[in-house]
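Just so it is clear, the structure is predicted and the values come from calculations on it, not from any experiment. Side chains included, hydrogens not; waters and symmetry mates left out as well; all remaining heavy atoms used.
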Amino acid sequence: MKLTWLGHASWRIEIEDAVILIDPWLDGNPSFPDARRKDALQGATHILITHGHGDHASEAVAIAAETGVKVAGIFDLMSHWESAHGTEVIGFNKGGTVDLGGAKVTMVNAVHSSSVSGENGPVYAGAEAGYMIAGEGHVIYFSGDTDIMADMGWMAELHKPDIGILCCGGHFTMDMDRAAFAARKFFDFKTVLPSHYGTFPLLAQDAGPLSKALPGIQVIAPEVMEEVTL
């Protein structure tokens, strides 16, 4: 399994026979080097979207057309893209599980908001979500954008994720302290990777506090486009 941070909250996960791009926001992402776009998209088999905000979903339709892959995510937003753009989609909902190249992806709850830009302001884009991604003997909890929530308790008990990719930049999501609290309180992670930080000035720029708050857990904060093999 290979995990590659594409900057901000965008990830490339190679698992089983899938190469999943999660919330791939490359153009305009201040953390992503434009010269590495081809490398980031190379071999992609699926796109997975957590919610409709521009720093997560604004490029999904274009990247799907460029790569010829399907986009998976909340039914409402997928249905809109299918009808408006002819995008090939896999629409599902919380509690549902889909097979993406042998990886079993279950949509779980998140606490945030979800909209896309419209002519007269934000337009409803279905609900925000996180994912449990199972394959190669691991389960990854991809939190998406969220705060701490009691649902993390049963999600951890049922899915037993050993890897957490956790939003932790603060202001719009959990900050480093809250993400660390959630990891300690609810989960039994062996490995944690920080996400949704290091871009906008409002967000935390350094994942050091997360690592310090999780002694005994392997906290990996890779550079953008650095592969992490687990």
Side-chain angles (χ1 to χ4, degrees), residues 1-50 55-60 63 66-67 69 100-101 103 105 130-145 161-170 172-176 179-180 183 187 189-201 203-230:
M1 178 192 304
K2 293 181 180 178
L3 312 176
T4 305
W5 187 40
L6 306 182
H8 193 56
S10 304
W11 290 81
R12 172 188 169 101
I13 297 181
E14 300 175 46
I15 181 171
E16 298 291 348
D17 295 322
V19 178
I20 304 170
L21 305 177
I22 306 184
D23 290 354
W25 176 50
L26 308 182
D27 187 14
N29 180 343
S31 296
F32 183 78
D34 292 339
R36 301 296 305 276
R37 182 181 179 88
K38 182 177 180 181
D39 296 331
L41 303 184
Q42 181 68 37
T45 62
H46 301 86
I47 296 169
L48 188 61
I49 297 296
T50 64
D55 56 330
H56 295 257
S58 59
E59 278 198 277
I63 291 175
E66 180 179 345
T67 59
V69 306
L100 303 185
V105 179
Y131 294 102
M132 295 289 178
I133 304 171
E136 299 186 22
H138 295 280
V139 178
I140 302 167
Y141 170 47
F142 192 90
S143 74
D145 284 12
D162 58 311
I163 301 167
I165 299 179
L166 305 180
C167 61
C168 56
F172 300 105
T173 73
M174 298 185 291
D175 61 14
M176 298 289 171
F187 297 97
F189 293 130
K190 302 299 184 290
T191 305
V192 167
L193 297 95
S195 186
H196 206 283
Y197 80 107
T199 41
F200 310 122
L203 305 184
Q205 301 296 306
D206 175 21
L210 182 67
S211 182
K212 291 178 181 177
L214 294 175
I217 297 175
Q218 181 185 36
V219 178
I220 303 174
E223 297 296 323
V224 174
M225 291 301 295
E226 176 187 353
E227 287 185 351
V228 174
T229 301
L230 296 174

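Between Pro209 and Met176, the shortest heavy-atom distance links the atoms CB-CB, 4.0 Å. Between Ile15 and Ala134 the shortest heavy-atom distance is CD1-C, 4.1 Å. Minimum interatomic distance between Asp23 and Ile49 (heavy atoms only, all atoms of both residues): OD1-CA, 3.2 Å. Pairing each heavy atom of Asp34 with each of Leu26, the nearest pair is OD1-O, 4.3 Å. Closest of all the heavy-atom pairs between Ile165 and Ser195 is CG2-CB, 3.9 Å. Minimum heavy-atom separation, Ala9 to His56: CB-CE1, 3.4 Å.
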Would you please test Trp11 and Leu193 for side-chain contact (heavy atoms from CB on, under 4.5 Å) and show each step?
CA-CA 11 Å; Trp11 290 81; Leu193 297 95; 3.9 Å; yes
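Taken to the nearest 0.5 Å, the CG atom of Leu166 stands 9.5 Å off from the CZ atom of Phe142. Atoms CG and CD1, from Leu100 and Ile47 in turn, are 11.5 Å apart once rounded to the nearest 0.5 Å. Atom CD1 of Ile13 sits about 10.0 Å away from atom CG of Leu230, to the nearest 0.5 Å. Taking CE of Met225 as the reference point, atom OG of Ser31 lies at 13.0 Å (rounded to 0.5 Å). The CD atom of Glu136 lies 5.0 Å from the CE atom of Met1; values are rounded to the nearest 0.5 Å. Atoms CD1 and CD1, on Ile140 and Ile163 in that order, are 5.0 Å from each other to the nearest 0.5 Å.
Residues Cys167 and Met174 form a side-chain contact, since some pair of their non-hydrogen atoms from C-beta on lies under 4.5 Å apart. At a threshold of 4.5 Å between non-hydrogen side-chain atoms, the residues Ile22 and Ile133 count as touching. Within the 4.5 Å cutoff, the side chain of Val69 has no heavy atoms near those of the His46 side chain.
Environment of CD in Gln42: sparse, with no more than 12 heavy atoms of neighbouring residues, nucleotides or ligands closer than 6.0 Å.
Legend: residues meeting ring pair (Phe, Tyr, Trp, His ring centres under 6.0 Å) with Phe172, ordered by chain and number and at least two apart, are absent. The ring pair (Phe, Tyr, Trp, His ring centres under 6.0 Å) search around Tyr197 returns Trp5, not counting sequence neighbours. With sequence neighbours excluded, the residues forming a side chain to side chain contact (heavy atoms under 4.5 Å, CB included) with Ala180 are Arg184, Leu210, Ala213, Leu214, listed by chain and number.
Here the side chain of Ser10 pairs a donor or acceptor atom with the backbone of Trp25 at under 3.5 angstrom. Remark: side-chain polar atoms of Arg12 are not paired, donor with acceptor, to backbone N or O of Thr4 under 3.5 angstrom.
Just one residue in the list Leu3, Val19, Thr45, Ile20 forms a side chain to side chain contact (heavy atoms under 4.5 Å, CB included) with Glu14, and that residue is Val19.
Less than 6.0 angstrom separates the ring centroid of His8 from the ring centroid of Phe200.
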